[in-house]
Amino acid sequence: MSIPSAVKSTPIAGRQQLVDYLAAGEKPREAWRIGTEHEKFGFRTDDLRPPTYEGERGIRVLLEQLAARYGWEIAREGELPVALARDKASITLEPAGQLELSGAPLATIHETCREVNAHLAEVRSIAEGLGLGFLGMGFQPKWRRDEMPWMPKGRYKIMREYMPKVGSLGLDMMTRTCTVQVNLDFSSEADMVKKFRTSLALQPIATALFADSPFTDGQPNGYQSFRSQVWTDTDADRTGMLDFVFADGFGYERYVDYILDVPMYFSYQDGKYIDLAGQDFKRFMAGELAAVPGTKATMKDWADHLTTAFPEVRLKQYLEMRGADGGPWGRLCALPALWVGLLYDDEALDAAWDMVKDFSMAERHALRDGVPKHALKLPFRGGTVRDLAREALKIATHGLKRRACTNASGADESIFLQPLIEIVEANQTPAERKLELFHGAWGGSVDPVFREFAY
C-alpha cells in the first residue's frame with residue numbers, strides 16, 4: 001500500500017501512529033496478492049564484465065531503451081534515470097547495477113510467472129542489441145568486489161560509506177548478491193504473527209532449496225549459498241532471525257520497537273538523500289538530529305526506515321520472504337509458489353506451523369547458520385534439512401491444489417513447485433550442480449556459467 005501524499009508529510013506524533021501504519025496492511029483474504037521481486041546480474045557478452053552505468057552499453061542506455069520500446073515511465077534522481085515504472089510494477093537498480101523487477105501485486109502464480117516471462121523477454125530484446133546478458137545466481141561468480149561498478153544513487157553512497165563500520169561483508173551484499181523474494185498479505189495481527197513465525201522458522205529451508213552461490217572471485221568458496229552467509233557479517237543491528245518474533249505477545253508493537261532501535265541510513269528530503277547513518281530514529285521523531293536541525297520525522301521517513309532492516313523475513317504492510325538466492329526463470333516462479341502454498345491456505349499454514357512450532361531457538365539458529373554451507377545435507381534431529389524440505393513441499397503442494405487456481409490448460413499452481421521437487425529428489429542443490437560442472441565439463445572455470453545459465 002503506498003502512502004497517500006497528504007500522509008507522507010505528516011510528522012509522527014507518537015509510536016501508535018507507527019503501529020497503525022503496519023496494521024493498515026491488513027486485507028481480507030479475497031484481496032490477498034502475490035508480489036514477486038527478483039534481481040539479476042548483467043554482464044557484457046564479450047568480456048563477461050558487469051556493465052557500468054554510463055557508456056554506449058551501459059545500464060542507463062538499457063533503462064532508456066526499455067522505457068522507449070515498452071512504455072515504462074522513467075524515474076530519475078537529479079537528471080539520471082535510476083528506475084522504471086509501469087502499471088504497478090517497477091524496475092530498479094541495485095548498487096552495482098543488478099537489475100531488479102518488483103512485480104505488480106497479482107492474484108495467482110500463473111500471472112506472476114507470465115509477468116516474469118514477459119519481463120525477461122523485454123530485457124533480453126534490448127540487452128542483445130547492446131551486447132549484454134543477464135544471469136540469475138545468488139552471488140557474482142567471477143568479479144572481485146573492487147571490479148564491480150557503482151550506480152549513481154544517493155542512498156547507496158550513504159550505505160557504501162557506513163557498511164564497513166558495522167561488518168566486513170556489507171559491500172559484498174550490496175554489489176555482489178542477487179535474490180528472489182515474494183511479498184505476501186495478512187488479514188489480521190494474529191494472522192501476521194502466525195505467518196511471520198512459520199515463515200521465519202522455515203526460511204533456512206528455502207535458503208537450502210535455492211542455494212546457488214558457490215563461487216567467489218572465480219573459485220569455489222566453500223558455501224552453497226554464500227549470499228546467505230554474507231548476511232551474517234553485514235550489520236548485526238538490522239539482520240538475522242529475530243528471536244523476539246517467537247516470544248509471547250509478539251505483534252505490530254514489538255516489531256515497531258525493533259525498527260525504532262535499528263540505526264538510520266538517511267532521510268530523503270527535497271529530492272536529496274541526507275546522510276543520517278547510525279543516527280537514532282527516535283531522536284529524529286523528536287526533532288533532535290543535528291544534521292537536520294528542528295526537522296521531525298514524517299510517515300514517509302518511517303516507510304523508508306522500514307526498508308533499511310534486512311532480517312530473513314521483513315514486515316512492512318505485508319510480509320517479505322527474503323531467504324532465497326536468485327536463480328533461473330523456473331525458480332523465480334517456484335519461490336512464490338512455495339510460500340503461497342504454505343501460507344495462503346489455512347490447512348497448509350496449520351501444518352507448516354505444526355512442523356516448526358517446537359523448534360528451539362538454538363535449533364532455529366543452527367539451521368540459519370548451517371544451511372549456507374551444507375544446504376539440504378545439514379543434519380537436523382536425526383535426519384537432514386532435505387527431510388524438512390520434502391515435508392514443506394508436500395504441504396505447499398496440497399495448499400496450492402486446494403487454492404485450485406488453474407491456467408488455460410487446467411493445471412493448478414502446484415506445477416511451479418516442480419523444480420524444487422526435482423532438487424529434493426536428486427538431493428543436489430543448484431550450487432552442487434554448478435560445482436560438479438566446474439570440476440568436470442567446465443575445466444575449473446566459472447566462465448561457462450554466463451553462457452549456460454543466462455536468461
Side-chain angles (χ1 to χ4, degrees), residues 36-53 55-59 61-63 65-66 69-70 91-94 96-101 103 113-144 147-149 175-180 210-221 224-227 324-335 419 422-423 428-438 440-455:
T36 306
E37 302 180 21
H38 80 273
E39 302 158 355
K40 49 205 165 291
F41 295 108
F43 62 92
R44 300 192 305 212
T45 49
D46 50 358
D47 61 10
L48 307 183
R49 287 189 176 276
T52 53
Y53 180 76
E56 58 190 30
R57 299 167 66 192
I59 293 289
V61 172
L62 178 80
L63 292 178
Q65 291 191 14
L66 277 168
R69 191 179 302 178
Y70 295 111
I91 296 173
T92 54
L93 300 178
E94 291 300 298
Q98 306 99 308
L99 201 67
E100 176 174 7
L101 173 72
C113 219
R114 281 197 293 274
E115 175 189 57
V116 167
N117 203 20
H119 166 73
L120 292 176
E122 286 184 9
V123 170
R124 192 185 308 120
S125 74
I126 303 290
E128 282 175 351
L130 300 173
L132 300 178
F134 282 90
L135 171 71
M137 280 184 77
F139 195 84
Q140 163 59 248
K142 182 174 175 70
W143 302 106
R144 297 190 313 268
E147 294 174 302
M148 301 304 289
T175 61
R176 295 204 287 175
T177 63
C178 281
T179 186
V180 53
F210 285 78
D212 197 359
S213 40
F215 305 116
T216 302
D217 304 344
Q219 294 296 319
N221 54 33
Q224 295 190 48
S225 176
F226 190 63
R227 182 206 60 84
D325 284 3
W329 178 81
R331 290 208 302 279
L332 301 181
C333 305
L335 184 86
E422 288 169 9
I423 287 165
Q428 185 183 53
T429 62
E432 289 170 319
R433 173 70 184 130
K434 287 189 175 67
L435 286 165
E436 187 177 80
L437 289 165
F438 176 87
W442 294 353
S445 170
V446 298
D447 290 5
V449 82
F450 293 92
R451 181 178 64 250
E452 295 185 27
F453 288 89
Y455 289 115

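Values reported hereafter were calculated over all heavy atoms of this structure, with side chains retained and with hydrogens, waters and symmetry mates removed. Not measured: the values here are computed from a predicted model. Numbers here simply count residues along the sequence, with the first being 1.
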Practice problem: Can you label the angle between the F215 ring and the W442 ring as parallel, tilted or perpendicular, going by 30° and 60°? | Solution: tilted
Quiz item: How would you list, by chain and number, every residue that makes a side chain to side chain contact (heavy atoms under 4.5 Å, CB included) with E436, sequence neighbours excluded?
Solution: Q428, R433
Quiz prompt | Taking every non-hydrogen atom, the tightest pair across D212 and P430 | solution = CG-CB, 3.7 Å
Exercise. Ignoring hydrogens and angles, tell me if any N or O in the side chain of T175 forms a donor-acceptor pair with the backbone of M148 under 3.5 Å.
Key: no
Self-check item: Residue pairs passing the salt bridge (Lys or Arg N to Asp or Glu O under 4.0 Å) test where at least one lies in residues 446-455, sequence neighbours excluded
Solution: K142-D447
Self-check item: Closest approach of P51 to P149 (non-hydrogen atoms, all atoms of both residues)
Solution: O-CG, 3.4 Å
Quiz item: Which residues pass the side chain to side chain contact (heavy atoms under 4.5 Å, CB included) test with T216, sequence neighbours left out?
Solution: F139, R176, N221, F226
Practice problem: Please tell me if the side chains of E37 and T92 come closer than 4.5 Å, counting only heavy atoms from C-beta onward. | Solution: no
Exercise. Measure the shortest side-chain to side-chain distance between Y53 and L93 over non-hydrogen atoms and say whether it is less than 4.5 angstrom.
Key: yes
Self-check item: Distance in Å, Y70 OH paired with H119 NE2, rounded so as to fall on 0.5 Å steps
Solution: 11.5 Å
Practice problem: Please report the C-alpha distance between V449 and K434 in whole Å, then the side-chain angles of each, then the deciding distance to 0.1 Å, and finally whether the side chain to side chain contact (heavy atoms under 4.5 Å, CB included) criterion is met. | Solution: CA-CA 8 Å; V449 82; K434 287 189 175 67; 3.6 Å; yes
Self-check item: Minimal non-hydrogen separation, E147 against P50, with atom names
Solution: O-CG, 4.1 Å
Exercise. State, yes or no, whether a side-chain contact exists between L135 and P141 at a heavy-atom distance under 4.5 Å.
Key: yes
Exercise. Ignoring hydrogens and angles, tell me if any N or O in the side chain of R57 forms a donor-acceptor pair with the backbone of R44 under 3.5 Å.
Key: no
Quiz item: Is a donor on one side and an acceptor on the other found under 3.5 Å between the side chain of E39 and the backbone of T179?
Solution: yes
Self-check item: Pairwise distance CZ(F134) to CZ(F43) - rounded to 0.5 angstrom
Solution: 8.5 Å
Self-check item: Counterpart residues, side chain to side chain contact (heavy atoms under 4.5 Å, CB included), relative to R69 (two or more places apart)
Solution: S125, I126
Quiz item: Yes or no on side chain to side chain contact (heavy atoms under 4.5 Å, CB included) for R49 and W143, after CA distance, side-chain angles and deciding distance?
Solution: CA-CA 7 Å; R49 287 189 176 276; W143 302 106; 3.4 Å; yes
Self-check item: A211: side chain to side chain contact (heavy atoms under 4.5 Å, CB included) partners, not counting sequence neighbours
Solution: Q224, S225, A375, T429
Exercise. Could you tell me whether the side chain of V123 reaches within less than 4.5 Å of the side chain of Y455, counting heavy atoms only?
Key: no
Quiz item: How long is the span from the CG atom in D325 to the CZ atom in F210, to the nearest 0.5 Å?
Solution: 9.5 Å
Practice problem: Using modelled atom types only, decide if a donor and an acceptor are shared between the side chain of Q219 and the backbone of D217 within a distance under 3.5 Å. | Solution: no
Self-check item: Distance, nearest 0.5 Å, that separates CZ of R114 from CG of N117
Solution: 10.0 Å
Quiz item: Rounded to the nearest 0.5 Å, how far does CE of M137 lie from NZ of K40?
Solution: 16.0 Å
Quiz item: Which value, rounded to the nearest 0.5 Å, describes the distance between R124 atom CZ and L132 atom CG?
Solution: 13.5 Å
Quiz item: Any side-chain heavy atom of T36 sitting closer than 4.5 Å to one from L335?
Solution: no
Practice problem: Could you tell me whether the side chain of L99 reaches within less than 4.5 Å of the side chain of L63, counting heavy atoms only? | Solution: yes
Exercise. Apply disulfide bond (SG atoms under 2.5 Å apart) to C113 and list each qualifying residue two or more places apart in sequence or on a separate chain.
Key: C333
